[in-house]
S.K.: 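Handing you a structure now.
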Amino acid sequence: MNDKLYSITELAEEFDITPRAIRFYETKGLLSPQRAGATRVYNYRDRARLVLVLRGKRLGFTLEDIKEYIDLYDADRSHSDQLAHLILVGRKRISELEQQLEDVQTTLGELRKIESEAYEALESRGLDPEEAVRDIVRKLPAKAGL
């Protein structure tokens with residue numbers, strides 16, 4: 001077992017997060033550091049839990065889902081419940097992402113249709129749509145992405 005202890009600053013730098021984020025995870029019961037006087041010290045287990053928290057957040061899981069998953073590790077030494085929980089929340093997240101993908105595809109289709117209609121309307125007026133776009137870009141105040 002790894003006996004190395006980590007300061008909040010070391011963990012924050014290693015994972016490119018703020019010490020405030022680590023303290024927030026503590027308030028949610030996801031991490032429970034030891035104290036050396038007034039200083040928080042994190043052990044290998046805390047570091048591993050932080051890895052799980054950050055991975056879960058990156059995948060879009062709620063902190064509640066992440067906490068349930070982590071808590072099951074201690075409650076069930078066979079880890080069967082933990083694995084079943086992972087399947088359950090994974091399926092839920094997949095379903096959410098599939099719905100979001102469908103929504104994005106619908107929105108993209110609508111935007112492409114609007115663009116096509118505007119393009120055709122400019123052409124019907126005898127204008128070059130691409131030149132019209134360049135002109136409007138020059139007239140608008142500088143905006144990111146335009």
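Just so it is clear, the values below take in all heavy atoms, side chains as well, and ignore hydrogens, waters and symmetry mates. Keep in mind that what you see is a predicted model, and the values were worked out from it rather than measured.
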S.K.: Is there a chain of hydrophobic side chains (I, L, V, M, F, W, Y, each step under 4.5 Å between heavy atoms) that links V51 to V89?
M.R.: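 In one cluster with V51: V89, yes.
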
S.K.: Count the heavy atoms belonging to other residues, nucleotides or ligands that lie under 6.0 Å from CZ of R125, then report whether that count exceeds 12.
M.R.: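 Open: at most 12 neighbouring heavy atoms sit under 6.0 Å from CZ of R125.
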
S.K.: Cluster question for you: counting only ILVMFWY and a side-chain heavy-atom cut-off of under 4.5 Å, with indirect links fine, are I66 and L72 together?
M.R.: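 Looking at the clustering, L72 is in a separate group from I66.
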
S.K.: Going hydrophobic residue to hydrophobic residue with side-chain gaps under 4.5 angstrom, can you get from F24 over to I8?
M.R.: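 Result: yes, single cluster for both.
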
S.K.: Establish whether F15 and I70 are linked, either directly or via other cluster members, by ILVMFWY side-chain heavy-atom contacts under 4.5 Å.
M.R.: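 In one cluster with F15: I70, yes.
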
S.K.: Side chains of K67 and K28, heavy atoms from C-beta outward: is any pair under 4.5 Å?
M.R.: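 SC-SC contact between K67 and K28 ruled out.
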
S.K.: Counting only N and O atoms by type, is there a donor-acceptor contact under 3.5 Å from the side chain of D46 to the main-chain atoms of N43?
M.R.: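 Yes: the side chain of D46 pairs with the backbone of N43.
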
S.K.: Minimum heavy-atom separation for Y42 and P33, please, with both atom names.
M.R.: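 Nearest pair, atom of Y42 first, then P33: CE2-CB, 3.4 Å.
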
S.K.: Output, in order, the C-alpha distance, side-chain angles, deciding distance and verdict of salt bridge (Lys or Arg N to Asp or Glu O under 4.0 Å) for R112 and E115.
M.R.: CA-CA 5 Å; R112 286 185 178 113; E115 179 186 25; over 6 Å; no

S.K.: Supply the atom-to-atom distance L5 CG to R47 CZ, rounded to the nearest 0.5 angstrom.
M.R.: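 Going from the CG atom of L5 to the CZ atom of R47 covers 13.0 Å.
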
S.K.: Stepwise, does the salt bridge (Lys or Arg N to Asp or Glu O under 4.0 Å) test hold for E98 with R91?
M.R.: CA-CA 10 Å; E98 286 173 339; R91 285 178 179 167; over 6 Å; no

S.K.: Without swapping roles, check the side chain of R35 against the backbone of V41 for a donor-acceptor pair under 3.5 Å.
M.R.: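 No, because the side chain of R35 does not come within donor-acceptor range (under 3.5 Å) of the backbone of V41.
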
S.K.: Hey, are E96 and R93 close enough for a salt bridge, meaning a charged N less than 4.0 Å from a carboxylate O?
M.R.: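 Yes.
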
S.K.: Does the side chain of D65 pick up a donor-acceptor pair with the side chain of T62 at under 3.5 Å?
M.R.: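 The criterion, which ignores hydrogens and geometry beyond distance, is satisfied for T62 and D65.
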
S.K.: Between S124 and A121, is there a donor-acceptor pair closer than 3.5 Å when you use the side chain of the first and the backbone of the second?
M.R.: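 Indeed, once roles are kept as given, a pair shorter than 3.5 Å links the two residues.
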
S.K.: Counting only heavy atoms not in R55, do more than 12 fall under 6.0 Å of its CZ?
M.R.: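 Incorrect, the count does not exceed 12.
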
S.K.: Do the non-hydrogen side-chain atoms of L63 and Y25 ever get within less than 4.5 Å of each other?
M.R.: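 Yes; the side chains approach each other to less than 4.5 Å.
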
S.K.: Does some side-chain heavy atom of S32 sit less than 4.5 Å from a side-chain heavy atom of E26?
M.R.: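 Contact flag for E26/S32 side chains = no.
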
S.K.: Please determine whether a side-chain nitrogen of the Lys or Arg among R40 and E10 lies less than 4.0 Å from a carboxylate oxygen of the Asp or Glu.
M.R.: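 The answer is no: the pair does not qualify as a salt bridge.
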
S.K.: Would you give the length of the straight line joining atom CG of L83 to atom NE2 of H85, rounded to the nearest 0.5 angstrom?
M.R.: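 Rounded to the nearest 0.5 Å, the CG-NE2 separation comes to 11.5 Å.
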
S.K.: Counting C-beta onward and ignoring hydrogens, is there a side-chain heavy-atom pair between L101 and L97 closer than 4.5 Å?
M.R.: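 No; the side chains remain at least 4.5 Å from each other.
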
S.K.: What residue among L11, L50, V53 forms side-chain contact (heavy atoms from CB on, under 4.5 Å) with I17?
M.R.: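 Between I17 and the candidates, side-chain contact (heavy atoms from CB on, under 4.5 Å) is satisfied uniquely by L50.
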
S.K.: Would you say that more than 12 heavy atoms from the other residues, nucleotides or ligands in this model lie under 6.0 Å from the CG of D103, or not?
M.R.: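 Yes.
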
S.K.: If you count every heavy atom of other residues, nucleotides or ligands that lies below 6.0 Å from K4 atom NZ, does the total exceed 12?
M.R.: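 It does: K4 NZ has more than 12 such atoms within range.
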
S.K.: Answer yes or no: are there more than 12 heavy-atom neighbours, outside Q100 itself, under 6.0 Å from its atom CD?
M.R.: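 Enclosed.
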
S.K.: Pair E131, R134 - check salt bridge (Lys or Arg N to Asp or Glu O under 4.0 Å), show working.
M.R.: CA-CA 5 Å; E131 184 59 36; R134 285 190 292 277; 2.8 Å; yes

S.K.: Testing the 3.5 Å rule here: is there a donor-acceptor pair between the side chains of Y69 and E64?
M.R.: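 Y69 vs E64: no donor-acceptor pair found between side chains.
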
S.K.: To the nearest 0.5 angstrom, please state how far the OG1 atom of T107 sits from the CD atom of E102.
M.R.: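 That separation rounds to 10.5 Å.
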
S.K.: Does one hydrophobic cluster hold both L59 and L54, with members joined at side-chain heavy-atom distances below 4.5 Å?
M.R.: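 Yes; tracing contacts between hydrophobic side chains, which count when under 4.5 Å, links both residues.
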
S.K.: Out of curiosity, Y119 OH to L127 CG, how far, rounded to the nearest 0.5 Å?
M.R.: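 Atom-to-atom, Y119:OH and L127:CG are 11.5 Å apart.
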
S.K.: Return the minimal non-hydrogen interatomic distance between G29 and R49, and the atom names on each side.
M.R.: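 Answer, listing the atom of G29 first, then R49: O-NH2, 3.8 Å.
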
